[in-house]
Amino acid sequence: MFKSLKRSAKGAAVPHTKATAGQPTNKMPVPEHVVIPMSMHIGAPAEPVVKKGDTVMVGTLIGKAGGFVSASIYSSVSGTVQDVAPMRMVNGSMTTAVAIKTDGEQTIDPACVPPTVTDKPSLMAAVQNCGLVGVGGAGFPTHVKLAANTIDTLLINAAECEPYLTTDCREMLECSDTIISGIEAVMKYCEIPHCIIGIERNKPECIDLLCSLTREMKGVEVKGLPMRYPQGAEKTLVETCTGREVPQFGPSGKPGLPADVGCVVMNVASVAFIARYLKSGKPLVSRSLTVDGSAIAEPKNVRVPIGMNVGEIIDFCGGFKAEPGKIITGGPMMGLAVINTDIPVLKQNNAILAFADDASKVKKERDCIRCGRCAAACPLSLMPTLIERYTKAKDVERLEKIGVNVCMECGSCAYSCPAAKPLVQYMRLAKQLLREEKSKNA
């Protein structure tokens, strides 16, 4: 059953540039080496369980989850551990990384066997063991989401609302049966009676395909979503698909979650991976990426081993056809700019974008004209200019009072600002001020 919904014009009307949507996913050759960080998720980093000289195979555990809100990490290649050493991530933080020289064989670890799943606890254990995190960008450990009780609606996020990104689109077109199998497993073992697959209306072929596959499925429906960023954000998706509003703050005083209104949100690629893992026992060791932008010679969708070097992936796509002015891991709205391509692919990376100088120039910041467009665009009804003011004043008390921690850093405020103010950067600075203040008082 297909339903199309309307909602208020929050967010930003970003261009729907999807040049690679019609290109099948290319599987990349095995690289000579990979570097796999132990922190590729929200929560505690994984603890390395291998040492230099160890032999590993595809699916060998190399990092054990550091707690409940953490995720195990597995080798994406077969070969020999070259080193276990500190490395700096693109966001500036430090972590430990395992470097592996590949043997080119891609031998699967015999320990990779399908898990036995009979109920919710065994499904949660399986999802925790496979190392799955939100592959749509946030990197939140999936088993933590599934632990919530009183869930009546499973929301499958297939919005893919950022420009350029098309991996979710290709997942739906190439692996639709796997997506359905994953949905059936989560609904069955978590006893969730209702599922909504939300797809932005700029993907009509995906809507038609999923509608045809779910027509006879009890409790499952497909909904076309407004083509407005950030439609794929959890709170926006919940409101659009169910009419429920996730509270700014939950019962614990922390930012509200979809679980507070009976929903759990999973990316379409995440639910497809669950189906693959239940069938094969092979943990999360690879992911799909969109490689695009005005500086990329041959834009493509590619499937790569986790830990593969970004520069090698760009070379596979023909290299640069113009000098890049900006290189981004992730989408243009929420991705992170990087200073070079000598970095590894992480579990939560969904794109590598490179833009020529003429497409990446930063506009000159001007004085605020009090137009209110930033506040009108904010999906969470925050006051970005007020947060900017309090951040400059380092007024931690007021920043916490006006709820800066609920900001998802979508960038709608900065995109909508005619004065080109870096508002989302002020949001990040404000959150950092709060973290530093809490660490002082701990």
Side-chain angles (χ1 to χ4, degrees), residues 2 4-5 11 13-28 134-138 155-183 195-214 220-234 236-237 240-241 265-276 286-293 296 298-304 313 317 328-335 345 347-353 410:
F2 172 69
S4 184
L5 299 183
V14 300
H16 298 283
T17 308
K18 304 283 185 179
T20 58
Q23 295 193 20
T25 304
N26 296 269
K27 186 176 180 181
M28 286 199 61
V135 296
L155 292 177
I156 303 301
N157 182 2
E160 200 163 49
C161 55
E162 285 211 52
Y164 297 96
L165 309 188
T166 61
T167 54
D168 286 351
C169 176
R170 296 312 308 174
E171 189 80 30
M172 287 183 276
L173 295 177
E174 297 171 3
C175 308
S176 54
D177 290 340
T178 309
I179 294 168
I180 297 302
S181 296
I183 290 172
C195 173
I196 302 172
I197 305 171
I199 309 173
E200 269 199 351
R201 288 195 291 265
N202 60 356
K203 306 173 188 65
E205 69 281 16
C206 297
I207 292 175
D208 291 344
L209 178 58
L210 271 296
C211 278
S212 67
L213 293 174
T214 59
V220 180
E221 59 182 309
V222 178
K223 290 189 176 180
L225 307 177
M227 295 182 294
R228 192 169 183 85
Y229 177 84
Q231 188 56 65
E234 283 193 338
T236 305
L237 192 70
T240 307
C241 289
V265 180
M266 295 185 68
N267 178 266
V268 67
S270 297
V271 77
F273 172 76
I274 287 178
R276 293 190 192 99
S286 64
R287 70 147 304 131
S288 295
L289 298 166
T290 296
V291 185
D292 201 353
I296 298 292
E298 302 169 13
K300 287 183 173 73
N301 288 306
V302 294
R303 187 79 184 180
V304 305
I313 299 170
C317 296
I328 301 172
T329 57
M333 296 296 288
M334 294 189 71
V345 168
K347 289 180 181 180
Q348 65 269 42
N349 290 154
N350 50 15
I352 300 167
L353 305 178
C410 69

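Residues take their numbers from the sequence shown, with the count starting at 1. All values derive from a computational prediction rather than experimental measurement.
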Closest heavy-atom contact between [X] and [Y]?
X      : Y      : result
Tyr164 : Pro332 : CD1-CG, 4.0 Å
Ser270 : Gly134 : OG-CA, 4.1 Å
Thr20  : Pro299 : CG2-CB, 3.8 Å
Ile183 : Cys195 : CG2-SG, 3.7 Å
Pro226 : Arg201 : CA-NH2, 3.8 Å
Gln348 : Arg287 : C-NH1, 3.9 Å

Rounded to the nearest 0.5 Å, what's the gap from [atom1] on [X] to [atom2] on [Y]? Could you check?
X      : Y      : atom1 : atom2 : value
Leu165 : Leu353 : CG    : CG    : 6.5 Å
Ile179 : Met266 : CD1   : CE    : 11.5 Å
Ile197 : Leu213 : CD1   : CG    : 8.5 Å
Thr178 : Ile274 : OG1   : CD1   : 12.5 Å
Cys161 : Glu200 : SG    : CD    : 5.5 Å
Leu237 : Ile196 : CG    : CD1   : 8.5 Å

Can you give each donor-acceptor pair under 3.5 Å made by side-chain atoms of residues 170-177, sequence neighbours left out, with the distance rounded to 0.1 Å?
| from | atom 1 | to | atom 2 | distance (Å) |
| --- | --- | --- | --- | --- |
| Arg170 | NE | Gln23 | O | 3.2 |
| Arg170 | NE | Glu174 | OE2 | 3.0 |
| Arg170 | NH1 | Ala21 | O | 2.8 |
| Arg170 | NH2 | Glu174 | OE2 | 3.1 |
| Glu171 | OE2 | Arg276 | NH2 | 2.5 |
| Glu174 | OE1 | Thr25 | OG1 | 3.1 |
| Glu174 | OE2 | Thr25 | N | 3.0 |
| Glu174 | OE2 | Thr25 | OG1 | 3.4 |

Without swapping roles, check the side chain of [X] against the backbone of [Y] for a donor-acceptor pair under 3.5 Å.
X      : Y      : result
His16  : Met227 : yes
Lys203 : Ala159 : yes
Tyr229 : Pro163 : no

Q: Not counting sequence neighbours, which residues clear side-chain hydrogen bond (donor to acceptor under 3.5 Å, both in side chains) with Asn301? List them please.
A: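 Only Thr166, Thr290 meet the side-chain hydrogen bond (donor to acceptor under 3.5 Å, both in side chains) criterion with Asn301.
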
Q. Is any side-chain heavy atom of Asn157 less than 4.5 Å from a side-chain heavy atom of Asp168?
A.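 SC-SC contact between Asn157 and Asp168 ruled out.
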
**Q.** Residue pairs, two or more places apart or on separate chains, that pass salt bridge (Lys or Arg N to Asp or Glu O under 4.0 Å) and touch residues 17-28
**A.**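 Of all non-adjacent pairs touching residues 17-28, none passes salt bridge (Lys or Arg N to Asp or Glu O under 4.0 Å).
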
Q: Could you give me the CA-CA distance, side-chain angles and deciding distance for Leu225 and Cys241, then say whether side-chain contact (heavy atoms from CB on, under 4.5 Å) is met?
A: CA-CA 8 Å; Leu225 307 177; Cys241 289; 3.8 Å; yes

